[in-house]
Amino acid sequence: MLTFSFLTLFPELLAPFASEAIVGKARARGLVDVNLVNMRDFANNRHAKVDDTPYGGGAGMVIRVDVAERALASLPPADEVILFTPAGERFTQRTAEELSSRAHLACLCGRYEGFDARVEALVTRELSLGDFVMMGGEAAAACVLEAVARLVPGVLGDEESHRADSFSSGLLDYPEYTRPAEWRGEGVPEVLRGGDHGAIARWRRGQALARTLARRPDLLATAGLTPQDSAHLLTLGVTPEELDAWGAPPPPAPKRRRQSRPAGHDPGTV
C-alpha cells in the first residue's frame, strides 16, 4: 500500500480528492491511503499560529520551520519528503512513475509566502507543476495524488490502460472515439471499426506521432522512436536532419525487389 501524508493548513481542500472517484475506491480496497495532517496542530501556541513576519521585512507571512519539523516528526518514516515550490523540478509522468513505487510520501503544502528556507533541509525533493504561482500547495498535491495513485498496481481496472497514456509512451496520446458513430457530419475513422487490430495499432501510433509533432515536438527527442516511427515522420514532413537531432534511428531500408529470370533459363548450364 502506498501512503500519502499531506501536511497542510487546509486539509478540507484535499479531503474530496482523497475520498471520491478512483482514489476513494483505492483507499476502500486498501491499495492506497491518504493521511491529512493539519500543521496548525503543531503550532505549540494558544492561537494555533504557524507563521510569522519575514526577517528583513517584506510583504506576507512565512510558515515556521519548527512547525513543519514537528509535523513531519509525527509521521512514520517517509521514503520521500516532498516540498511543492516554484523552484522545484518539473513534475512529469516519469516522476509519477518513480513515486508510485514508494511506500510512503510525505508532502508539504505551503501557503502565504511559503516556508522558512530552512525547511529545505528537511525534504528530499522539491516539485513544481510549472512556471506559475498558486496561492498554496494543495492544488499541486491533488494533482500528484491522482497522477501517482493511478499507477499503483490494482488501482485502475485495466492494468494496461495507463501504458498508452500521454507521456507514458513518450508521446501524446492518440485520439479516442466512442458512440455515436456519426455526430454533426463527423464520423469515427473507418480503421477503428474494421476489427483489424494490427491496422488499429499502426493507426494509433501514427496518430500519436502526428499529434506530438504538431503540438509537442520537444517530446520526440526522448520518445524512444523506432525505425518505423522515423519512416512515418518522414511522410509527415520531418527532415532527415531533424530525425538525427532527435537521435531517431534511420527508417527501414526499402526491400530490394528480386529480379525475375528469363523463361527457360537453367542456372546450372553455360
Side-chain angles (χ1 to χ4, degrees), residues 1-29 31-39 63 68 71-72 75 78-115 119-120 123-158 161-173 176 211-212 215-216 218-219 222:
M1 180 172 64
L2 171 55
T3 298
F4 297 85
S5 293
F6 294 113
L7 287 70
T8 171
L9 299 180
F10 298 97
E12 62 274 13
L13 294 180
L14 284 167
F17 287 92
S19 58
E20 300 293 337
I22 289 178
V23 174
K25 293 177 181 177
R27 291 181 71 190
R29 294 164 59 198
L31 299 173
V32 300
D33 193 18
V34 180
N35 181 25
L36 301 179
V37 180
N38 192 332
M39 286 189 290
I63 300 175
L72 285 170
L75 301 174
D79 299 295
E80 294 268 14
V81 179
I82 297 169
L83 174 65
F84 297 116
T85 166
E89 66 177 277
R90 183 72 62 87
F91 180 70
T92 67
Q93 186 67 19
R94 295 286 180 265
T95 313
E97 291 169 356
E98 181 184 347
L99 295 178
S100 69
S101 66
R102 306 292 194 259
H104 183 200
L105 303 175
C107 304
L108 288 160
C109 303
R111 278 274 155 176
Y112 316 129
E113 292 301 307
F115 286 93
V119 164
E120 295 172 6
V123 307
T124 61
R125 180 174 297 208
E126 298 180 14
L127 292 180
S128 169
L129 295 191
D131 298 337
F132 55 90
V133 178
M134 297 183 291
M135 290 184 288
E138 288 78 17
C143 291
V144 170
L145 170 61
E146 293 222 345
V148 175
R150 67 189 297 275
L151 300 177
V152 174
V155 169
L156 296 181
D158 183 349
S161 62
H162 70 80
R163 301 189 190 280
D165 289 337
S166 293
F167 308 113
S168 290
S169 65
L171 303 172
L172 298 183
D173 201 3
E176 297 274 18
R211 279 192 162 197
T212 305
R215 304 179 188 186
R216 289 291 306 277
D218 57 294
L219 296 176
T222 57

Response to the item:
Between E138 and C109 the two heavy atoms that sit nearest each other are OE2-CB, 3.6 Å

Worksheet item: Would you call D173 and R211 a salt bridge, taking side-chain N to carboxylate O under 4.0 Å as the test?
Response: no

Worksheet item: Considering residues, nucleotides and ligands other than D131, do more than 12 of their heavy atoms fall under 6.0 Å from its CG?
Response: no

Discussion item. Test side-chain contact (heavy atoms from CB on, under 4.5 Å) on K25 and L31; report intermediate values, then the result.
Written reply: CA-CA 9 Å; K25 293 177 181 177; L31 299 173; over 6 Å; no

Item to complete: Identify the two heavy atoms, one from H104 and one from A78, that lie closest to each other, and give their separation to 0.1 Å.
Response: ND1-CA, 3.5 Å

Fill in: Test item: S100 side-chain N/O and V148 main-chain N/O as donor-acceptor pair under 3.5 Å
no

Practice prompt. Answer yes or no: are there more than 12 heavy-atom neighbours, outside F17 itself, under 6.0 Å from its atom CZ?
Written response: no

Worksheet item: Of all heavy-atom pairs between V155 and A149, which one has the smallest distance, and what is that distance?
Response: CG2-O, 3.3 Å

Discussion item. How close do V119 and A68 get, counting heavy atoms only, and between which atoms?
Written reply: CG2-CB, 4.0 Å

Practice prompt. Answer yes or no: is there a side-chain heavy-atom contact under 4.5 Å between F6 and P11?
Written response: no

Discussion item. Going by the rule side-chain hydrogen bond (donor to acceptor under 3.5 Å, both in side chains), which residues pair with R29 if we only count those two or more places apart in sequence or in a different chain?
Written reply: none

Worksheet item: Would a 4.5 Å heavy-atom cut-off, applied to side chains only, mark L171 and L219 as touching?
Response: no

Discussion item. What I'd like to find out is whether the side chain of L99 reaches to under 4.5 Å of the side chain of I82, using heavy atoms alone.
Written reply: yes

Discussion item. Using side-chain contact (heavy atoms from CB on, under 4.5 Å), reason through L75 and L7 one step at a time and then give a plain yes or no.
Written reply: CA-CA 10 Å; L75 301 174; L7 287 70; 3.7 Å; yes

Item to complete: Show your reasoning for whether side-chain contact (heavy atoms from CB on, under 4.5 Å) applies to M39 and R111.
Response: CA-CA 11 Å; M39 286 189 290; R111 278 274 155 176; over 6 Å; no

Fill in: Inter-residue atom distance C107.SG - R125.CZ, 0.5 Å rounding
10.5 Å

Worksheet item: Do V34 and R27 have side-chain heavy atoms sitting under 4.5 Å apart?
Response: yes

Worksheet item: Is it true that a side-chain atom of T95 and a backbone atom of F91 form a donor plus acceptor pair closer than 3.5 Å?
Response: no

Worksheet item: Can you tell me how far CG of L127 sits from SG of C143, rounded to the nearest 0.5 angstrom?
Response: 11.5 Å

Practice prompt. Sequence neighbours left out, what passes salt bridge (Lys or Arg N to Asp or Glu O under 4.0 Å) with D79? Give chain and number order.
Written response: none

Discussion item. Less than 4.5 Å apart, side chain to side chain, heavy atoms only: is that true for V81 and L72?
Written reply: yes

Fill in: Residue pair L14, L145: steps toward the side-chain contact (heavy atoms from CB on, under 4.5 Å) verdict
CA-CA 10 Å; L14 284 167; L145 170 61; 5.7 Å; no

Practice prompt. Please round to the nearest 0.5 Å and tell me the distance separating atom CG of L105 and atom OG1 of T3.
Written response: 8.5 Å

Discussion item. Nearest 0.5 Å, please: how far is OG1 in T212 from CG in D218?
Written reply: 9.5 Å

Worksheet item: Does any donor atom in the side chain of T85 or E126 lie under 3.5 Å from an acceptor atom in the other side chain?
Response: no

Worksheet item: Hey, what do you get for CZ (F115) to CG (L108), rounding to the nearest 0.5 Å?
Response: 4.5 Å

Worksheet, complete the sentence: Closest heavy-atom pair, S128 versus G88, reported as atoms and distance to 0.1 Å, is CB-O, 3.6 Å

